[in-house]
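Below is one structure, written out as C-alpha cells; comments come after it.
Only a predicted model underlies this, so the values are computations on that prediction, with no experimental measurement involved.
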Amino acid sequence: MRRFVAAAVVAATASIPILAGPQAGAATRSSSACTHHPIEGGPQVCIRVEGVGTHVDKAVAIWTNPPAGVNERTARLFLSGHEVHYPQRATRHGGTLSAEWGWFEHSGELCVEFDGIKNRRACEDVYDSDHS
C-alpha cells in the first residue's frame, strides 16, 4: 500500500542534510513518497527523486525511524519491479538512514527498500512531463 503523506515527507526530508540543495526550477522534479502504516506502525521507508522528466539526477532511499542501534543497512533500487544498479550502503544521518543513486534515465515506477524490513517498499512514478 502506497500513500503520499505530506507530514511524514516533510519530517523525513527536513531532518536529512544530504537532501538539502538549491531550489528546483519550474521544470525540475523533486518529489517524495513514503510507506504509511498508521495502525501497525513499524519502519517507515521513503523515496526522494530529483530530476526532469525521465532524467533522474538522484534517487534517495530513506529509513525515517531506524532503531537507535542501527547505523547502516543495505538499500536496494527497483525500476518497474526489477532490481537495478548496485545495492547501496545506507548510513545514519541524525535519526535516519539514507543511501543514494546517481544519474540514470527511466520511465515507470521507481522503488526503494532496505534489507531486513519486510513489506516496506516506497515507490514514486517517473514519467515525461507530458505524461497524463
Side-chain angles (χ1 to χ4, degrees):
M1 174 183 214
R2 186 177 93 208
R3 287 190 180 174
F4 297 89
V5 181
V9 171
V10 170
T13 58
S15 65
I16 304 173
I18 193 169
L19 298 177
Q23 291 294 325
T28 302
R29 175 197 335 95
S30 180
S31 57
S32 301
C34 296
T35 60
H36 184 63
H37 300 271
I39 295 173
E40 59 191 78
Q44 183 177 42
V45 175
C46 299
I47 182 172
R48 180 170 174 91
V49 180
E50 297 176 6
V52 177
T54 59
H55 174 96
V56 176
D57 291 325
K58 181 173 27 174
V60 182
I62 307 156
W63 182 1
T64 65
N65 59 348
V70 177
N71 293 316
E72 62 181 50
R73 187 66 60 96
T74 299
R76 299 179 185 280
L77 179 68
F78 297 83
L79 302 178
S80 297
H82 302 285
E83 185 175 1
V84 295
H85 296 285
Y86 292 101
Q88 296 292 326
R89 184 176 60 124
T91 56
R92 185 170 283 277
H93 300 275
T96 65
L97 292 181
S98 64
E100 67 180 65
W101 292 265
W103 181 92
F104 56 91
E105 289 282 334
H106 177 68
S107 178
E109 187 178 55
L110 184 63
C111 300
V112 295
E113 66 181 35
F114 288 85
D115 284 359
I117 301 176
K118 294 184 179 191
N119 303 317
R120 298 290 197 268
R121 182 181 281 192
C123 299
E124 182 72 11
D125 290 329
V126 176
Y127 293 104
D128 282 327
S129 57
D130 63 351
H131 178 79
S132 52

Can you name the nearest heavy-atom pair linking E100 to V60, along with the distance? CB-CG2, 3.9 Å

Set of salt bridge (charged side-chain N to carboxylate O under 4.0 Å, His left out) partners for E105, sequence neighbours left out: none

Residue pair W101 / V112, side-chain heavy-atom distance below 4.5 Å: yes

Contacts of type side chain to side chain contact (heavy atoms under 4.5 Å, CB included), residue N119, not counting sequence neighbours: none

Sequence neighbours excluded, the answer for side chain to side chain donor-acceptor pair (under 3.5 Å) partners of S107 is none

Heavy-atom closest pair (T64 atom, C46 atom, distance to 0.1 Å) is CG2-SG, 3.6 Å

Just to verify, what does R89 make a salt bridge (charged side-chain N to carboxylate O under 4.0 Å, His left out) with, not counting sequence neighbours? E72

Grab the two heavy atoms, one from A75 and one from A90, that are nearest each other, plus how far apart they are. CB-CB, 4.4 Å

Contacts of R73 meeting side chain to side chain donor-acceptor pair (under 3.5 Å) (sequence neighbours excluded), chain-then-number -> none

Could I get the full list of salt bridge (charged side-chain N to carboxylate O under 4.0 Å, His left out) partners for R120, not counting sequence neighbours? E40

Just to verify, what does S80 make a side chain to side chain contact (heavy atoms under 4.5 Å, CB included) with, not counting sequence neighbours? H106

Restricting to side chain to side chain contact (heavy atoms under 4.5 Å, CB included), what partner residues turn up for N71, sequence neighbours left out? R92

Applying ring-ring contact (aromatic ring centres under 6.0 Å, His included), can you list everything that pairs with F78, at least two apart in sequence or on another chain? none

Separation between NZ of K58 and CZ of R48, rounded to the nearest 0.5 Å: 8.0 Å

Q44 CD to C34 SG distance, which is reported to the nearest 0.5 Å: 4.5 Å

Which pair of non-hydrogen atoms, one from A122 and one from T35, has the smallest distance, and what is that distance? N-CG2, 3.9 Å

Quick one: OG on S98 to CD1 on I47, what's the gap to the nearest 0.5 Å? 13.0 Å

Is V45 close to E113 at the side-chain level, that is, under 4.5 Å between some pair of heavy atoms? no

Say you draw a straight line from CG of L97 to OG1 of T74; how long is it, rounded to the nearest 0.5 Å? 10.5 Å

Do L110 and F104 come close enough that some side-chain heavy atom pair is under 4.5 Å? yes

